[in-house]
Chemist: 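Here it is, the structure, as structure tokens.
Residue numbers count from 1 along this sequence.
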Amino acid sequence: MIADAFGRVHDYLRISLTDNCNFRCFYCMPEEDYDFTPASRLMQPAEVFALAKTFVDQGVKKIRLTGGEPLVRKDAAEIILALGKLPVELVITTNGTRIAEMLPVLLEAGIKTVNISLDTLQPDKFFTITRRDVFHQVRGNIELLLQHKIAVKINMVVMKGLNDGEIKDFINWTKHNPIQIRFIEFMPFTGNKWTSNKMFSLEEILAVVEKDFVVLPVKSAPHDTAKHFMIPGHEGSFAVISTMTAPFCSTCNRMRLTADGKLKNCLFSIGETDLLNPLRAGQDVLPLIKASIWAKEKELGGQLGKHFENLDATLLNNRSMITIGG
């Protein structure tokens, strides 16, 4: 069991496979010309498996693979198939571009849920956000997942003045499709030019939906990051991840392993613990893991207060989102 000083047991591990990505979303990657981590400094497949097994042996029940874009890594299939042999729920977050070619691997590894990052349903706006013209490819791959009975969750970062006008369109998508839309409050990270006036809050999201739909709350599972809702007559559902206005820190059970083998005990933590180099040196990394989680702050990495309106994002001590892992 891996626990912190506040009694929170951590049994969910997010592993970033790479900080590389074939998109250039401004809120995740600071620059178009980005210096990616050299391959030699990334966890190799056997190292990913060894660290994952260490966590699983300590009670981890769920592993989520993230990036960057995890499926652009050349040995992604090898890693996914290896992790699929562990006694955990294995899931993945992806931008959806490589689903078609990787589908046999996902099926063989037993992945039953895929989160797709998609911030707009408009092809031209998709290009503006991602700087890539592959909207229809992503939409086609979402349909492919549904055809193979893989549950799909859509992660949509809501940004005021950019895509908040599409909230109703995403809700309409759930009418005849068994998908879950996850509206995410825009969060501050190094280089993403976050300001509070760009953030669209949980309260604002619900107000928009409730103008046109009957919204019923759904009881969340333990440790859930999202607040869940349903609309009568809709095959799908929606949820809101309200990290900024109504954080879920009191029940957090998450740990993050970056692609270069650093353990972050919180998305917003200042510090991180190197596991990769000690592993390569033949050291036992379990004491490092337990010490890192024990030192976890009570809320939001100890950096963000409840009055986010006054937050100066340039003063945060953190990585960019792409180097942490989505």
Chemist: Measure the spacing between CG of Leu17 and CG of Leu65 and express it to the nearest 0.5 Å.
Modeler: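 Going from CG on Leu17 over to CG on Leu65, the span is 5.0 Å.
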Chemist: Is the shortest side-chain heavy-atom distance between Val157 and Glu185 below 4.5 Å?
Modeler: no
Chemist: Considering only NZ, NE, NH1 and NH2 on the basic side and carboxylate oxygens on the acidic side, decide whether Glu47 and Arg280 come within less than 4.0 Å.
Modeler: yes
Chemist: Do Ile116 and Leu145 have side-chain heavy atoms sitting under 4.5 Å apart?
Modeler: yes
Chemist: Minimum heavy-atom separation for Asp224 to Ser220, with atom names?
Modeler: CB-CB, 3.9 Å
Chemist: Please find the pair of heavy atoms, one from Asn95 and one from Cys21, that lie closest to each other, and give the distance.
Modeler: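 Nearest pair, atom of Asn95 first, then Cys21: ND2-SG, 3.9 Å.
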Chemist: Test side chain to side chain donor-acceptor pair (under 3.5 Å) on Glu69 and Thr94; report intermediate values, then the result.
Modeler: CA-CA 6 Å; Glu69 167 49 44; Thr94 170; 2.8 Å; yes
Chemist: Indicate yes or no: does Glu166 engage Lys125 in a salt bridge with an N to O separation below 4.0 Å.
Modeler: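 Yes, charged N to carboxylate O under 4.0 Å.
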Chemist: At their closest point, which heavy atom of Gly233 faces which heavy atom of Lys175, and how far apart are they?
Modeler: O-NZ, 3.6 Å
Chemist: Taking only residues two or more places apart in sequence, or in another chain, which ones meet Pro232 in a side chain to side chain contact (heavy atoms under 4.5 Å, CB included)?
Modeler: Val214, Leu216
Chemist: Within this structure, what is the CG-CE distance for the pair Asn141 and Met102, rounded to the nearest 0.5 Å?
Modeler: 12.0 Å
Chemist: Which is it for Ile154 and Ile142 under the side-chain contact (heavy atoms from CB on, under 4.5 Å) test, yes or no, and what are the steps along the way?
Modeler: CA-CA 9 Å; Ile154 304 295; Ile142 291 171; 3.8 Å; yes
Chemist: Might you point out which heavy atoms bring Glu143 and Asn177 nearest each other, and give the distance in Å?
Modeler: OE2-OD1, 4.4 Å
Chemist: Find out whether Thr225 and Arg254 are in side-chain contact, i.e. whether some heavy atom of one side chain is under 4.5 Å from a heavy atom of the other.
Modeler: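 Counting from C-beta outward, Thr225 and Arg254 do come under 4.5 Å.
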Chemist: Please name the pair of heavy atoms, one in Leu144 and one in Ala100, separated by the smallest distance, quoted to 0.1 Å.
Modeler: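 Closest approach of Leu144 to Ala100, heavy atoms only: CD2-CA, 3.7 Å.
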Chemist: Under the rule for side chain to side chain contact (heavy atoms under 4.5 Å, CB included), what residues qualify as partners of Gln180, not counting sequence neighbours?
Modeler: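 With neighbours one apart ignored, the set is Lys153, Arg182, His228, Ser237, Ala239.
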Chemist: Regarding Asn277 and Asp274, do their side chains bring together a donor and an acceptor under 3.5 Å, going by distance alone?
Modeler: yes
Chemist: Apply side-chain contact (heavy atoms from CB on, under 4.5 Å) to residues Asp133 and Phe126 and explain how you reach the verdict.
Modeler: CA-CA 8 Å; Asp133 187 17; Phe126 180 94; over 6 Å; no
Chemist: Going by side chain to side chain contact (heavy atoms under 4.5 Å, CB included), Phe183 matches just one of Leu202, Asn155, Ile171. Which one?
Modeler: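 Result for side chain to side chain contact (heavy atoms under 4.5 Å, CB included) with Phe183: Ile171.
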Chemist: Rounded at 0.5 Å granularity, tell me how far CD1 in Ile181 sits from CE in Met156.
Modeler: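 Between atom CD1 of Ile181 and atom CE of Met156 there are 8.5 Å.
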Chemist: Does Trp294 have Arg8 sitting over its ring (NZ/CZ under 6.0 Å from centre, angle to axis within 45°)?
Modeler: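 Verdict for Trp294: no cation-pi partner in Arg8.
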Chemist: With no hydrogens and no angle check, do the side chains of His223 and Thr251 hold a donor and an acceptor under 3.5 Å apart?
Modeler: no
Chemist: Would you call Lys168-Asp212 a salt bridge at under 4.0 Å N-O?
Modeler: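 Looking at Asp212 together with Lys168, the answer is yes, because their closest N to O distance falls below 4.0 Å.
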Chemist: Taking side chain as C-beta onward, heavy atoms only, is Trp173 less than 4.5 Å from Leu121?
Modeler: yes
Chemist: Side-chain donor-acceptor pair under 3.5 Å between Asp11 and Asn253, yes or no?
Modeler: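 There is such a pair (donor and acceptor under 3.5 Å, judged by atom type) between the side chains of Asp11 and Asn253.
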Chemist: Between atom NZ of Lys112 and atom CG of Leu107, what is the distance when rounded to the nearest 0.5 Å?
Modeler: 9.5 Å
Chemist: Take Leu71 and Ile99 through the test side-chain contact (heavy atoms from CB on, under 4.5 Å) and record every step on the way to the result.
Modeler: CA-CA 8 Å; Leu71 298 183; Ile99 289 296; 4.3 Å; yes
Chemist: Assess whether a salt bridge exists between Lys160 and Glu204, defined as any Lys/Arg side-chain N lying under 4.0 Å from an Asp/Glu carboxylate O.
Modeler: yes
Chemist: Would you call Leu263 and Ile289 a side-chain contact if the rule is heavy atoms closer than 4.5 Å?
Modeler: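 Leu263 reaches Ile289 side chain to side chain.
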Chemist: For residues Val91 and Lys62, determine if any side-chain heavy atom of one lies less than 4.5 Å from a side-chain heavy atom of the other.
Modeler: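 Answer yes - side chains close enough.
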Chemist: Given Ile179 and Thr174, is the side-chain contact (heavy atoms from CB on, under 4.5 Å) satisfied, shown in steps?
Modeler: CA-CA 6 Å; Ile179 57 176; Thr174 70; 4.2 Å; yes
Chemist: Indicate, with yes or no, if the rings of Phe55 and His10 have centres closer together than 6.0 Å.
Modeler: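 For Phe55 and His10, the ring centres are not under 6.0 Å apart.
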Chemist: Are the side chains of Leu146 and Pro178 in touch, meaning some heavy atoms are under 4.5 Å apart?
Modeler: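 Yes - at least one pair of side-chain heavy atoms lies under 4.5 Å apart.
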Chemist: How about Val158 and Phe186: do any of their side-chain heavy atoms sit closer than 4.5 Å?
Modeler: no
Chemist: Please name the pair of heavy atoms, one in Ile80 and one in Ala109, separated by the smallest distance, quoted to 0.1 Å.
Modeler: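 Smallest interatomic distance, heavy atoms only, reads CG2-CB, 3.5 Å.
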Chemist: In this structure, are over 12 heavy atoms from other groups packed under 6.0 Å from Glu203 atom CD?
Modeler: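 It does not: Glu203 CD has 12 such atoms or fewer within range.
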Chemist: Nearest 0.5 Å, please: how far is CG in Asp75 from CD1 in Ile79?
Modeler: 4.5 Å
Chemist: Check the side chains of Thr258 and Lys264 for a donor-acceptor pair under 3.5 angstrom, ignoring hydrogens and angles.
Modeler: no
Chemist: Quick check: are there more than 12 heavy atoms from other residues, nucleotides or ligands sitting under 6.0 Å from CD of Glu108?
Modeler: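 It does not: Glu108 CD has 12 such atoms or fewer within range.
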Chemist: With no hydrogens and no angle check, just 3.5 Å: does a side-chain donor-acceptor pair link Thr37 and Asp19?
Modeler: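 Judged by distance alone, the side chains do pair up.
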Chemist: Could you measure the distance from the OG atom of Ser16 to the CE atom of Met43? Nearest 0.5 Å is fine.
Modeler: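 One finds 7.0 Å between OG of Ser16 and CE of Met43.
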Chemist: Show, in sequence, the C-alpha distance, side-chain angles and deciding distance for Arg64 and Thr93, and conclude whether the side chain to side chain donor-acceptor pair (under 3.5 Å) test is met.
Modeler: CA-CA 7 Å; Arg64 177 175 298 280; Thr93 296; 3.1 Å; yes
Chemist: Indicate the ring-plane relationship of Phe238 and Phe229, choosing parallel, tilted or perpendicular according to the 30° and 60° boundaries.
Modeler: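 Parallel.
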Chemist: Indicate whether the side chain of Asn22 and that of Thr97 have a donor and an acceptor atom separated by less than 3.5 Å.
Modeler: yes
